[in-house]
Structures are given as C-alpha cells and as structure tokens.
Amino acid sequence: MSRYALRAAEQKWQRIWEERRLFEARVDKTKPKYFAMEMFPYPSGRIHMGHVRNYTLGDLIARYKRAQGFNVLHPMGWDAFGLPAEGAAIKRGIHPAKWTYANIGEMRAQLKTMGLSIDWSREIATCSPEYYKHEQAMFLDFLEAGLVYRKESWVNWDPVDNTVLANEQVIDGKGWRSGAPVERRKLNQWFFKITDYADDLLKSLEKLDRWPEKVRLMQQNWIGRSEGAKVRFAVEGRNEPLVVYTTRPDTLFGASFLAIAPDHPLAEELSRTNPSLRAFAEECKLLGTSEEALEKAEKKGFDTGLKARHPFLPDVLLPIYVANFVLMDYGTGAIFGCPAHDQRDLEFARKYGRPVIPVVLPEGADPETFTIGDEAYTEDGRIFHSDFLDGLDVPTAKKTVIDRLEAMGVGERQVQFRLRDWGLSRQRYWGCPIPVLYAEDGTVVPVPRDQLPVTLPEDVDFSKPGNPLDLHPSWKHTTLPDGRPATRETDTMDTFVESSWYFARYCSPDFEDGPCRKEEVDYWLPVDQYIGGVEHAVLHLLYSRFFTRAMRKVGYLSIDEPFQGLFTQGMINHQTFQDEQGNWLEPGKVRKNDAGQWVTVDGERPVKAGRVEKMSKSKLNTIDPTDIIQAYGADTARLFMLSDSPPDRDLEWTDGGIDGAWRYLNRLWRLVDETRDRLGEPGPVPDQASGADLELRRAVHVTIDGVTHAIERFHFNKAVALLRELHNTIEGHLKRGQPGPAVLREAIETLVRLFNPMIPHVTEEAWATLGHDRLLAETDWPVADPGLMGAEEVTLPIQVNGKRRGEIRVPKGAERAAVEAAALAEPGTVRAMEGKPLKKIIVVPDKIVNVVV
RNA sequence: GCGGACGUGGUGGAAUUGGUAGACACGCAGGAUUUAGGUUCCUGUGGGGAAACUCGUGAGGGUUCGAGUCCCUCCGUCCGCACCA
C-alpha cells in the first residue's frame with residue numbers, strides 16, 4: 001500500500017499543468033466562453049485565509065466550467081497602488097515600488113501553491129506604467145467626453161499630514177495616522193461624472209438577476225433616487241428667490257419656516273456682514289461629519305431675519321434660518337420646515353417656537369382634535385387645512401400641488417439622487433498621476449497623448465508631511481506644448497480607478513495601443529462570474545459599473561454591465577483568546593487542559609476564550625494559510641473551505657475542521673489505492689448491471705446529477721456532502737460484496753472526477769493511478785444517465801392524520817389504487833386508524849400517503 | 001430611526017415546488033487494532049420513556065390532509081445606511 005505523498009504530488013501536478021499551458025486562454029469563437037474572476041488582491045505581502053476562500057471558490061467554478069466544455073478565462077492580478085506602500089516607505093525607508101513588487105513576488109509564490117487554474121500569462125499589476133498609461137489616456141478620453149471635471153469641494157483635511165483623508169480614514173473626527181482633529185477645507189478636486197448615469201445605474205440593477213439581492217439593494221439605497229419638487233420662495237426685499245427641494249410638497253400648507261445650509265451661498269453672503277452668523281456657520285463646520293456627532297447634535301438654527309412669502313398664502317411670511325442639519329450637497333441646500341410631518345423640523349420648531357400645523361390627518365382621526373405631540377406624523381392620510389388640497393390622499397396631493405406650482409411658475413417636478421460625483425483626487429504619491437498641466441494663469445491643459453504615461457518620479461522624500469509629488473523639487477515643473485512654463489497636477493487618482501476597469505485589461509493584457517482590443521473584450525466580456533467580499537458591494541462594484549458605461553461611451557466596450565454574475569463570500573472567523581490582563585493571545589499559544597479549561601501553552605495560566613470573530617491581526621486570531629498548506633497541502637485547505645459552511649456565510653476556522661478535511665483526503669486516496677487492482681481496464685460500463693451493481697450505478701448517477709446541480713447553485717457544502725455520501729455507499733458495497741470491476745471503476749472514477757474542481761491535485765494523482773494518460777484537468781464533466789437517476793422501488797411513508805405511522809415499498813410510479821390499498825393494509829396504519837372510518841386519502845405519487853380519518 | 005438578512009441537535013449545517021426534520025460532517029460515548037498516544041475500523045448519538053409511544057426547527061397564533069418551508073404578531077442576533085428634506 002502506498003501512502004499518498006501529498007506535497008510532492010501537489011508540486012508535480014502544478015508543474016505539469018504549467019508546462020502544458022493548460023490554463024492559458026485564447027479567443028476561440030467555436031466554443032462558448034466563460035470568464036471567471038475573483039477580486040484581485042492588494043499586495044500586502046502575505047495571502048490570508050480570505051484569499052484562500054475567495055480563490056478556492058473561483059477555481060472550483062473555473063475548473064468545473066472548463067470540464068463542461070467552456071473556453072475559460074481565469075486571470076489574476078494585483079491592486080498595487082495604495083497607501084500602505086507609502087506607509088512602508090515612511091516607516092522602513094523602502095521605496096513603495098520596491099516594496100510592492102517584492103510583495104507581489106511573495107504572494108504570487110504563495111498563491112501558486114494553491115494549485116489554481118489561473119492563466120498567469122495575463123498577470124497585471126496596476127502600479128505598472130504599462131497599465132496606468134491606458135488609465136491616463138482614458139482619463140483624457142473622459143475629459144473630452146465631458147465625464148471628468150474639476151471643481152472646488154469640501155474635503156476632510158488633516159492639518160498635520162497635510163493631506164486629504166477619505167471618510168473612512170477619519171476616526172472620531174481625527175486623522176487616523178496623525179490623530180489631529182480633521183478640518184473641512186475647500187479644495188479643487190477632480191470628479192468623475194457618475195451622476196450622469198444615476199438613473200441607468202439604478203434601473204439596470206433590475207437586470208442583474210445573478211447578483212445577490214442584498215448588494216443590489218445596497219446600491220439602490222446608495223444611489224438614493226427620490227421624487228419631489230423644487231419650490232421657489234420669494235424673499236422679502238430681495239430679487240432672487242430661495243429655491244428649496246422637497247419630497248413632501250403636499251405638506252406645503254404646514255410650512256412654518258425655511259432653513260438653509262451653513263455653507264449655502266445666501267448664508268455665506270449674509271455672513272460677510274454679520275459676524276455672529278459667521279461664528280454660527282464656523283461652529284457648524286467644526287461639528288464634523290461622523291455619525292456619532294450627528295446623532296448627538298442638537299438641531300440648531302440662526303435666524304437670518306429674512307422672510308419668505310408662502311407661494312399659496314400671500315399673507316404668510318416664513319422666517320429663514322441657517323440650520324445645522326441642512327446639507328449643502330443634497331438638493332438645493334435649502335428646505336421648508338413642516339414640523340407636523342417631519343421629526344427634525346418638529347424638534348427645530350419646538351426649540352424656536354415655530355407653529356406646528358398638521359396638514360395630514362391619519363385615518364380615523366378627528367380633524368378638530370388632532371394634534372402633534374413629540375412625534376411628527378409621517379404616515380399616509382387625508383390632507384386638511386390645505387385649501388385646494390383638502391380631502392386628497394398624499395400621492396394625489398403631491399401631484400396636484402406640483403401641477404399648481406408649475407402652472408404658477410414657482411416650482412417644478414424634480415428627481416433627486418443621493419449619489420454624488422466621484423471625487424478622484426488624492427494628495428498622495430503611490431497612485432496614478434492625473435495627466436493634466438496648469439498654465440501659469442491656471443488654465444487646465446491635458447498632457448499631450450504622445451507624452452503619456454506621466455510616470456512617478458523615483459527619487460522621492462517621504463520624511464516630510466504632505467504630498468511627496470508636490471514637495472518634489474523638479475517633477476511638477478514642466479512646459480506646455482507651446483513652450484510656456486506649466487506645473488503638473490500633483491494629485492494622483494483614487495485607487496478605486498484602477499480596479500474599475502481591470503476586468504477589461506485582462507482580456508488584452510499586452511495590448512499597447514489602448515486599454516483593450518475590441519475583438520477580445522467583445523469575446524470575453526462581460527465577466528460571467530465575479531467572486532469577492534461583500535465589503536465592495538457599493539463602491540468598487542458601482543465604480544466598475546460606471547466605468548463600463550464611460551468606456552462604452554468613448555468606444556472601448558460594447559457591454560452594458562461588467563459583471564453578469566456576482567457572488568459575495570462570507571468572512572473567515574476564529575475564536576479569540578485573552579489572558580488575564582486582557583492581552584490578545586494567538587491560537588497557537590493556548591490549549592485545553594485535562595479539565596477542559598483554556599490555558600496558556602507555557603505556564604498553564606488561565607485564558608479567557610472570547611467570541612468567534614473575523615480573523616484580524618489586531619485580535620491575533622489569524623491562521624496563516626502558508627502554514628496550513630505546508631502542513632496539510634492545498635487540497636486539504638481547499639476542501640475545508642468548501643465543506644460544511646455555505647460559501648456566502650461566515651466560516652469558522654477550527655483545527656477539527658482542517659483535520660477532518662485532511663483525514664478525508666487520505667480516506668479518498670486509500671479507496672483508490674486499495675481497489676486499483678480490481679477495477680479492470682478503463683472503458684465503457686456494460687449496460688447489463690443488476691442487483692447490487694445496478695444499485696451502485698444508480699447511486700453514482702444520482703450523485704452526478706446532485707453534485708452538478710449543487711455546484712450550479714453555489715451549494716458547494718452540499719456537493720461535498722453528496723460526494724461523501726457516495727463514498728460511504730461505495731465502501732458499503734465493498735464491505736457487503738464484490739461489485740463488478742467495471743461498475744466499481746465507474747463509481748470510483750466518478751467520485752474522483754466530481755471531486756476534481758475542489759481538490760485538483762489528489763484527484764489528478766488518483767486519475768493517473770487509475771490508468772489514464774489524459775489529464776483529469778482536460779477530461780469532461782460526467783453526465784448523468786437519466787435512466788439510472790432513480791430507484792425502481794420507492795419507500796412511501798404512510799401518515800394517519802399527518803403523523804407518520806408506517807411505510808410501504810412500492811414500484812416507482814405505482815398506480816394510485818394499488819398504493820392506497822397497500823397503505824391501508826399496512827399494520828401500522830390499521831393500528832393508528834383504530835377502526836375509525838376513512839374520510840380521505842391523499843397520495844402524492846412516489847412521495848407520501850396521508851390517510852385522514 | 002430607516003432598510004435588509006438570519007434564528008433547525010452539544011457544534012457547523014442538510015431538507016427542488018408545502019410531503020419521512022436532522023443528510024453530510026465535527027464532537028462525544030462504547031468497542032477492535034496499537035507498548036502508549038495519534039491514525040484506522042466498527043457501533044451508537046435530538047429530548048423524554050423500559051416500551052408502545054410522545055415532544056421537537058426562537059416564542060405565540062393562523063392557513064392546510066400535511067408547515068422548518070406560506071400568512072400575522074412578538075423576541076433575539078447580525079449586516080448596511082443615516083440630519084438626504
């Protein structure tokens with residue numbers, strides 16, 4: 001008996017697959033294509049368990065589809081720009097490029113030990129000029145197409161590091177690195193005009209029926225379409241009206257004040273001559289934008305002294321406040337307050353003594369006595385106290401009032417989106433340079449195409465705070481095509497830009513004259529199956545959808561959507577441990593003692609076993625995949641990833657689980673090894689099987705069908721369970737008798753073939769052992785014989801009044817009358833009926849019989 | 001606050017359209033092999049009961065011959081969004 005020598009075998013097969021260039025893809029119009037893609041990793045230096053899960057899932061799909069005859073594209077690359085590289089430069093004095101490429105080298109080697117069916121010839125790194133030069137060219141294309149613009153906007157500014165921070169880098173109002181309170185500043189920033197596609201991005205979500213409902217919903221909320229109206233209020237003593245946006249024009253008769261944002265142009269104008277208003281506005285800016293701050297913040301306002309005239313009630317003058325809860329970047333930055341039907345307005349009105357006029361009457365309430373307490377009434381009802389709207393329901397009133405506003409010329413219907421344009425400027429070094437120049441008068445001049453790419457200078461100093469590109473002595477100084485002096489844009493692009501189009505670059509990774517070859521993207525795109533973490537549900541996936549539209553507009557792509565199918569995997573969790581002082585402990589530093597208590601390995605000190613949480617370096621509850629692959633091999637790690645937990649749910653890493661997977665691989669190998677001599681030669685299975693052999697054949701074909709369906713539905717844990725069940729069945733047959741060689745061969749080979757996409761190395765080894773010259777990776781997926789899909793006889797449970805009382809065995813598809821007779825004759829049925837008269841008998845063919853008495 | 005998902009043995013989880021709840025594993029218990037541990041193999045394993053039976057899918061109600069699955073109410077856990085007018 002030979003023991004399966006796993007490490008050597010894994011390396012051997014990986015080498016053979018690579019030598020035969022098995023996974024290198026090329027356009028072949030005679031075959032159906034399948035583009036399987038996982039989210040590419042950030043080259044941090046080491047792969048983690050999340051990667052192992054992600055790429056195991058993707059590889060299963062890729063190998064399965066290949067076996068089914070698809071021309072599969074399964075590429076890999078590196079999301080290689082980003083802040084950690086600059087962090088390493090600051091901390092350890094390594095140049096970001098050097099650090100990044102070293103990490104890529106290490107991680108590639110680690111990934112290769114997983115035995116993934118990846119076309120490595122298409123590998124891309126987004127930090128390479130070969131990649132980002134096309135991004136710069138596209139930026140210029142978008143600029144020409146009106147999809148990029150520059151404007152002044154508010155940003156989170158870290159005054160110590162002298163840089164803009166993304167919202168997620170602001171923690172409790174302070175910079176994540178410097179700890180300094182973040183300021184709001186106005187800066188000139190570049191924007192992608194994603195809002196041009198707001199409606200399309202929203203509507204097209206419906207067509208993405210192979211996306212998780214959850215992700216579509218998150219995008220829907222993010223885009224945040226609302227229907228309402230713009231209303232122009234005449235302001236006393238001013239020519240310009242104040243324009244407000246509202247989704248509740250039906251409550252216009254309940255208006256008791258107007259409010260504008262602290263940074264509304266009107267507020268800024270008034271501030272110039274009103275120091276106390278200016279002080280109030282400054283205070284609002286300091287408030288910060290964190291959720292917590294907003295939650296606790298009181299509704300505050302400042303009376304401007306201005307009055308606006310109600311459009312329908314010429315005698316009513318509404319005071320105009322500057323209020324801290326009104327946002328400049330949503331709608332028009334101005335609202336009308338209807339305290340009776342909006343909670344914020346109610347709180348504000350109570351504080352400043354504004355009237356609360358209910359205009360929507362709840363069903364069944366008395367109009368004479370209905371009043372508003374501490375809670376605004378935001379539900380449906382009948383309009384009252386509202387002149388021409390009285391008696392209407394809310395939707396009708398909205399329509400009616402907007403029609404009237406439009407007729408009067410003081411307002412119109414307006415669709416509003418929460419989605420804002422995508423600000424792409426980052427004051428950082430390690431990103432794609434934005435290819436524009438500024439003349440001395442500030443005019444924007446695109447970098448001429450023949451001067452692309454604009455590359456990053458290599459001699460940079462990271463010791464000073466701020467943007468290294470801006471601080472560089474010479475880089476930014478250049479000349480315009482006409483020779484006049486100019487400066488370069490020193491901001492680089494948000495790293496989400498690179499990941500917004502890499503799926504297209506995978507189709508033509510070596511193409512020099514553009515981001516992609518049309519014929520290749522037209523063949524491969526869209527991606528048939530995209531797999532990754534749900535944390536990218538909104539930003540990355542929405543940006544990619546925008547880029548697809550933008551690239552289509554400028555002529556690179558013909559598709560509507562980049563990702564036909566999306567699957568979001570769950571996280572990998574692990575138990576956490578802490579010592580008595582509350583310090584986190586690594587899993588390897590604790591064990592269970594004889595009494596079943598957790599103690600430290602050295603010293604037997606007590607350990608507090610904490611919650612099962614996402615693996616994270618801060619809690620020290622990580623397991624390094626390379627250690628696992630070293631000890632158990634890639635197949636074991638892959639099998640563990642696929643067993644037990646459904647792939648979209650969180651997976652708890654346990655030693656027991658990895659052991660179980662390891663033991664099963666050996667068991668599978670033993671089955672092949674111990675039976676190899678009694679299988680006969682490879683060849684077709686004779687049709688005349690009977691008795692136990694026929695039963696085994698049926699089990700095999702039922703399994704083929706079940707596993708195929710389970711894989712199609714991403715129920716990989718179910719597929720593993722079905723295969724282990726088949727394994728148990730085969731061993732049962734071996735124990736009880738001697739299956740015919742051809743039948744046994746069919747059973748074992750099928751088991752091996754169906755397992756191949758999950759555990760490719762051991763199955764490839766088994767396949768060779770079973771006498772095949774052709775690689776299993778090149779062998780077709782088994783097809784179930786419909787004639788062998790079910791048993792000839794079925795066991796029918798007999799229920800009496802819905803309770804199971806016995807069972808009968810009948811031929812499949814037996815006649816109803818015969819089944820009824822057999823069921824009623826069954827002793828258990830007779831006993832349970834206790835001689836009571838039969839009222840009804842329900843027979844579900846081949847499923848169940850229910851006797852009602 | 002708004003939106004969504006999920007609650008099944010000691011544990012992870014199965015259960016096409018409403019049709020034998022607990023597949024497949026982990027763990028545990030007993031046994032065989034082994035110097036021992038581990039590995040491997042066999043048997044058992046939702047609760048109660050000696051058994052016939054009976055109870056059982058977060059709680060309560062409903063629809064149905066039949067409900068983990070459908071409907072209503074409630075509780076709990078997790079996730080996303082949030083002064084968005």
Side-chain angles (χ1 to χ4, degrees), chain A residues 212-222 224-226 228-229 244-249 251 259 261 287 289 291 293-295 297-299 323-327 329-338 341-345 347-348 378 416-420 534-535 537-538 571 640 643-646 648-652 654-664 666-667 670 706 709-710 713 715 717-728 731 735 795-807 831-832 839-853:
Chain A
E213 189 59 43
K214 183 181 160 184
V215 174
R216 288 193 284 171
L217 224 122
M218 282 165 73
Q219 293 214 350
Q220 191 184 310
N221 292 338
W222 188 266
R225 185 180 198 271
S226 73
V244 307
Y245 174 70
T246 178
T247 55
R248 293 298 303 272
T251 64
L287 187 64
T289 48
E291 277 181 32
L294 295 172
E295 190 78 19
E298 220 181 323
K299 308 276 170 291
N324 63 348
F325 64 94
V326 181
L327 306 175
D329 38 14
Y330 186 77
T332 59
I335 62 157
F336 80 80
C338 176
H341 304 292
D342 182 287
Q343 191 61 32
R344 294 158 305 183
D345 297 348
E347 285 169 34
F348 191 83
T378 55
Q416 188 67 42
F417 293 93
R418 204 188 78 109
L419 181 72
R420 316 215 186 113
V534 73
E535 65 272 20
V538 177
M571 297 182 300
F640 174 62
S643 307
D644 295 347
S645 291
D648 53 338
R649 266 196 242 176
D650 286 359
L651 177 144
E652 188 190 346
T654 61
D655 292 346
I658 198 77
D659 267 341
W662 162 249
R663 286 204 301 266
Y664 180 72
N666 284 287
R667 193 174 151 217
R670 269 199 309 278
H709 277 101
R713 289 186 295 159
H715 293 183
N717 56 323
K718 183 74 197 293
V720 172
L722 287 170
L723 287 167
R724 294 186 71 140
E725 201 172 357
L726 176 62
H727 189 137
N728 292 344
E731 289 198 340
K735 230 167 267 159
T795 304
L796 291 190
I798 315 298
Q799 295 181 332
V800 178
N801 289 341
K803 288 196 173 158
R804 188 177 181 279
R805 298 296 175 177
E807 57 183 43
R831 188 153 16 100
K839 214 153 97 191
K840 199 171 168 188
I841 181 161
I842 292 137
V843 179
V844 183
D846 299 331
K847 279 268 158 96
I848 201 165
V849 181
N850 194 3
V851 179
V852 187
V853 296

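Note on naming: letters A, B, ... go to the chains in the order of the sequence lines (proteins, then strands), and numbering restarts at 1 for each one.
Of the side-chain N and O atoms in A/Asn728, none sit less than 4.0 angstrom from OP1 or OP2 of B/A23. Distances shorter than 4.0 Å separate none of the side-chain N or O atoms of A/Tyr245 from OP1 or OP2 on B/A85. Between A/Lys840 and B/U64 there is no side-chain polar atom (N or O) within less than 4.0 angstrom of OP1 or OP2. One finds a side-chain N or O of A/Asn717 lying less than 4.0 angstrom from the OP1 or OP2 phosphate oxygen of B/A14.
We find the NZ-CD distance between A/Lys299 and A/Gln343 to be 8.5 Å, quoted to the nearest 0.5 Å. Interatomic distance, CD1 of A/Ile841 versus CG of A/Asn850, reported as 8.5 Å (0.5 Å rounding).
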Item to complete: Check the pair A/Asp342 / A/Arg248 against salt bridge (Lys or Arg N to Asp or Glu O under 4.0 Å), numbers first and verdict last.
Response: CA-CA 10 Å; A/Asp342 182 287; A/Arg248 293 298 303 272; over 6 Å; no

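For A/Val852, whose side chain is taken as the heavy atoms from C-beta onward, the closest listed nucleotide among B/A85, B/C65, B/A15 is B/C65. Out of B/A14, B/U20, B/A25, the shortest distance to the side chain of A/Ile848 is found at B/U20. Checked against B/A15, B/G12, B/U40, the side chain of A/Arg663 finds its nearest nucleotide in B/U40. When distances run from any side-chain atom of A/Pro646 to the nucleotides B/G12, B/G13, B/A15, the shortest one goes to B/G13. Listed nucleotides: B/U20, B/C65, B/A25. Nearest to the side chain of A/Arg667: B/A25. Considering only the side chain of A/Pro797, B/U20 comes nearest among B/C83, B/U20, B/A25. Closest to the side chain of A/Arg649, from the set B/G4, B/A14, B/U16, is B/A14.
Contact annotation for A/Thr246: backbone-only contact, meaning every heavy-atom pair under 4.0 Å involves sugar-phosphate atoms and none involves a base. Across all strands, A/Leu327 comes closer than 4.0 Å to base atoms (heavy-atom distances). Residue contacts shown for A/Val534 are absent, as no nucleic acid heavy atom lies under 4.0 Å away. Nucleic acid contact for A/Lys839: none, since no nucleic acid atom lies under 4.0 Å from a heavy atom of the residue. If you check every strand for non-hydrogen atoms under 4.0 Å, A/Arg418 touches a base. Within 4.0 Å of A/Asn850, counting heavy atoms only, lies at least one base atom of the nucleic acid.
B/G80 and B/U73 are spaced 27 Å apart, taking the P atom of each and rounding to whole Å. Using P as the reference atom, B/U45 and B/G22 are 12 Å apart when rounded to the nearest Å. The gap from the C1' atom of B/A21 to that of B/G47 amounts to 14 Å, rounded to the nearest Å. For the C1' atom pair drawn from B/U20 and B/G30, the interatomic distance equals 29 Å after rounding to whole Å. Using atom C1' as the reference point in both B/G19 and B/G38, the two lie 46 Å apart (nearest Å). B/C79 and B/C84 have their P atoms separated by 23 Å, with the value rounded to a whole Å. For the C1' atoms, the distance from B/U8 to B/G56 is 10 Å, rounded to whole Å. When the C1' atom is compared between B/A51 and B/U34, the two are found 40 Å apart, to the nearest whole Å.
Salt bridge status for A/Arg344 with A/Glu347: absent, with no side-chain N to carboxylate O gap under 4.0 Å.
The base of B/C84 lies close enough to the side chain of A/Arg420 for a donor and an acceptor atom to sit less than 3.5 Å apart. Residue A/Lys299 places a side-chain atom within donor-acceptor reach of the base of B/C83, judged by atom type and a 3.5 Å distance cut-off alone.
Rounded to an integer number of Å, the gap from A/Asp648 CG to B/G4 P is 19 Å. Look at CH2 on A/Trp222: it is 17 Å from C1' on B/G4, rounded to the nearest Å. Between the CZ atom of A/Phe417 and the P atom of B/C84 there is a distance of 18 Å, given to the nearest Å. The separation between A/Glu725 atom CD and B/G13 atom C1' is 14 Å, rounded to whole Å. Computed from coordinates, the A/Glu731 CD to B/A25 P distance equals 10 Å when rounded to whole Å. One interatomic measurement links the two molecules: CG of A/Leu726 to C1' of B/A23, which rounds to 14 Å at whole-angstrom precision. Remark: P of B/U20 and CD of A/Glu807 are 12 Å apart, rounded to the nearest angstrom. Between the CE atom of A/Met218 and the P atom of B/A82 there is a distance of 10 Å, rounded to whole Å.
Heavy atoms only, all atoms of each residue included: A/Ala259 and A/Val326 are closest at CB-CG2, 3.9 Å.
The nucleotide B/A51 finds no pairing partner, because no Watson-Crick or G-U wobble arrangement with both distances shorter than 3.5 Å includes it.
Of the possible polar contacts, one joining the A/Asn666 side chain to the A/Trp662 backbone as a donor-acceptor pair under 3.5 Å is found.
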